Trainee: 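This is the structure I have questions about; it appears just below.
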Amino acid sequence: MQITSLRKSVLTASALAVGLTGATAALAEWKPNRPVELVVSAGPGGGSDIFTRVVQAALTKNKLVETPLIVVNKPGGSGSEAFNYAEDNVGSPYKVYFGTQDAYVLPLGTKVNYAMKDLTPVASMVFDVFILWSNPKASGINTAQEFVAKAKENPGKVRVAGAKAKDADETVVTLVERAAGIDLAYIPYKSGSEAAIQVAGGHIEANTNNPSESLEQWKAGNQKPLCVFTSARLTDKTVVADGMSWADIPTCVEAGIDVKDFVQPRTVWMAADVPPEAVAYYTDLMKKAMDTPEFKDYTTRNVQITKFMAGDELKAFLAEQTKNYEKIYADNNWLLPASQ
């Protein structure tokens, strides 16, 4: 009787173990079985759009996904439209959101319909450097020193274009104003590509942009990099245009503007309450995308800093970044009251 009972217990335990193993495997092997939307918090042609389409191409060409990946641009509200969409699609594992620091910065100084609790961080993949650009043919500005001099001669009249309001571009312009003791007129556009077009067309004196957003304009002779917001010069010595390489661009500190190491993360998100196995799937997928030839070519071409972050490391980074932006926003009276 005891042997029979023991045998039944062992059989029951074995069956249960098999069942649990199967369930665990099912969780670990989750993957989408229908099209996935890659939602971009910027307009077509901007840095976030380029980044998203590179990821899409890398995953598709290397057959790392079995379902279609559809890029959807939602640039409205300085990019908040994309994250509002996440708030409207709680729990959906078929929508992945691509942005920058905009996801955690927008709620600080803009009345938006989402909060950070409505988003699930997936990964940060690269950092873009920021460069101050101008069109010498239209503005007469050939160097960062000439830019500062013109701004001092014309307080509040030198226009600087950027992507979105109260985001990275306007923040770095504000830091430039403080460091150089000048007053600039910041003009926001839906994407960095739109800002670059305005400068290339001679409608705006300067803009702040990531390399990818102004690269083609530089090659076409419609823009020129004045200085880069890093503590050391870029290292790529490949000639890009006008006999200049990325390494030939002086740092803004060298040019007399004491703003350094201002970089922009390229981030990936999902909505709140998505299945953990879906988050794990997309985290792994983004890491695989970084190892593809297409993605490596993209980071090299755009002189980006590659650093993959996920999990606790990413959460700690986001907390630190939010704290830094809160201080900048408070100093500029951009921070919304807690009640809002």
Side-chain angles (χ1 to χ4, degrees), residues 25-75 79 81-83 85-86 89 91-103 119-128 191-193 210-213 215 264-272 274-311 313-314 317-318:
L27 287 175
E29 294 173 3
W30 183 93
K31 61 178 61 177
N33 56 15
R34 55 188 172 87
V36 175
E37 289 185 4
L38 307 183
V39 185
V40 191
S41 65
S48 292
D49 180 66
I50 294 170
F51 167 63
T52 307
R53 293 180 190 277
V54 167
V55 171
Q56 177 200 39
L59 295 175
T60 303
K61 288 182 180 179
N62 292 281
K63 299 181 180 179
L64 296 172
V65 291
E66 298 175 0
T67 55
L69 302 176
I70 304 167
V71 176
V72 179
N73 294 89
K74 289 186 177 291
E81 180 187 5
F83 305 114
Y85 190 52
N89 288 278
S92 173
Y94 292 94
K95 301 181 193 302
V96 183
Y97 305 85
F98 288 74
T100 57
Q101 72 294 319
D102 51 4
L119 301 175
T120 299
V122 175
S124 176
M125 299 168 71
V126 295
F127 288 94
D128 279 293
S191 69
S193 63
N210 309 129
S212 65
E213 295 170 322
L215 176 59
Q264 180 178 56
R266 295 287 171 194
T267 54
V268 184
W269 309 79
M270 296 182 74
V274 290
E277 59 270 24
V279 177
Y281 169 81
Y282 288 111
T283 300
D284 183 59
L285 199 62
M286 295 304 120
K287 197 166 187 179
K288 288 178 179 176
M290 290 183 67
D291 291 330
T292 64
E294 291 80 8
F295 197 89
K296 290 180 179 178
D297 179 64
Y298 158 74
T299 58
T300 300
R301 186 173 64 251
N302 296 298
V303 290
Q304 292 168 308
I305 302 165
T306 56
K307 179 176 173 58
F308 184 85
M309 289 187 289
E313 182 183 18
L314 177 57
F317 169 78
L318 295 175

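Here the structure is a predicted model, which means the values were calculated and not measured.
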Trainee: Give me the atom names and distance for the closest heavy-atom approach of Ala42 to Ser48.
Mentor: CB-CB, 4.0 Å
Trainee: Between CG of Asn33 and OH of Tyr94, what distance do you get to the nearest 0.5 Å?
Mentor: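 OH of Tyr94 is found 3.5 Å from CG of Asn33.
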Trainee: Do the rings of Phe83 and Tyr97 sit parallel, tilted or perpendicular, given the 30° and 60° boundaries?
Mentor: tilted
Trainee: Work out which heavy atom in Gln264 is nearest to a heavy atom in Gln101; give both atom names and the distance.
Mentor: CG-OE1, 3.0 Å
Trainee: Could you check if a side-chain atom of Leu64 sits within less than 4.5 angstrom of a side-chain atom of Thr292, using non-hydrogen atoms only?
Mentor: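 They are in side-chain contact.
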Trainee: So how far is it from Thr299 OG1 to Asp297 CG, rounded to the nearest 0.5 Å?
Mentor: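 Thr299 OG1 to Asp297 CG: 8.0 Å, rounded to 0.5 Å.
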Trainee: So, the side chain of Thr267 versus the backbone of Thr100: is there a donor-acceptor pair under 3.5 Å, distance only?
Mentor: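 Yes.
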Trainee: Can you list the steps and then say if Gln304 with Asp128 is a side-chain contact (heavy atoms from CB on, under 4.5 Å)?
Mentor: CA-CA 5 Å; Gln304 292 168 308; Asp128 279 293; 2.8 Å; yes
Trainee: Between atom CD of Glu313 and atom OG of Ser124, what is the distance when rounded to the nearest 0.5 Å?
Mentor: 9.0 Å
Trainee: Where do Lys287 and Asp291 land on the salt bridge (Lys or Arg N to Asp or Glu O under 4.0 Å) test, with the steps shown first?
Mentor: CA-CA 7 Å; Lys287 197 166 187 179; Asp291 291 330; over 6 Å; no
Trainee: Please test Asn210 against Arg266 for side-chain contact (heavy atoms from CB on, under 4.5 Å), starting from the C-alpha separation and ending with a verdict.
Mentor: CA-CA 11 Å; Asn210 309 129; Arg266 295 287 171 194; 2.7 Å; yes
Trainee: Considering the options Leu285, Val36, Thr52, which one meets the side chain to side chain contact (heavy atoms under 4.5 Å, CB included) requirement together with Leu69?
Mentor: Val36
Trainee: Going from CD on Glu37 to CD1 on Ile70, what distance comes out if it is rounded to the nearest 0.5 angstrom?
Mentor: 6.5 Å
Trainee: To the nearest 0.5 angstrom, please state how far the CZ atom of Phe51 sits from the CG atom of Leu38.
Mentor: 10.5 Å
Trainee: Compute the ring centroids of Phe295 and Phe308, then answer whether they are less than 6.0 Å apart.
Mentor: no
Trainee: Between Trp269 and Pro121, which heavy-atom pair has the shortest distance, and what is it?
Mentor: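 Scanning both residues completely, I find the closest heavy atoms to be CE3-CA, 3.6 Å.
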Trainee: Show your reasoning for whether side-chain contact (heavy atoms from CB on, under 4.5 Å) applies to Asn62 and Glu294.
Mentor: CA-CA 9 Å; Asn62 292 281; Glu294 291 80 8; 2.8 Å; yes
Trainee: Could you tell me which non-hydrogen atom of Pro275 sits nearest to which non-hydrogen atom of Gly91, and how far apart they are?
Mentor: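 That closest heavy-atom pairing would be CD-O, 3.8 Å.
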Trainee: If you look at every heavy atom in Ser212 and Gly47, which pair is closest and at what distance?
Mentor: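 Result for this residue pair: OG-CA, 4.1 Å.
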Trainee: Charged N to carboxylate O below 4.0 Å: is that the case for Arg53 and Asp49?
Mentor: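 A salt bridge is present here (some side-chain N lies under 4.0 Å from a carboxylate O).
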Trainee: With rounding to the nearest 0.5 Å, note down the distance linking CE in Met290 to OH in Tyr298.
Mentor: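 That separation rounds to 10.5 Å.
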Trainee: Keeping Tyr282 on the side-chain end and Pro93 on the backbone end, is there a donor-acceptor pair under 3.5 Å?
Mentor: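 Pair found, side chain donor or acceptor close to backbone of Pro93.
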Trainee: Using every non-hydrogen atom in the two residues, find where Val279 and Thr120 come nearest and quote the distance to one decimal.
Mentor: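 Closest approach of Val279 to Thr120, heavy atoms only: CG2-CG2, 4.0 Å.
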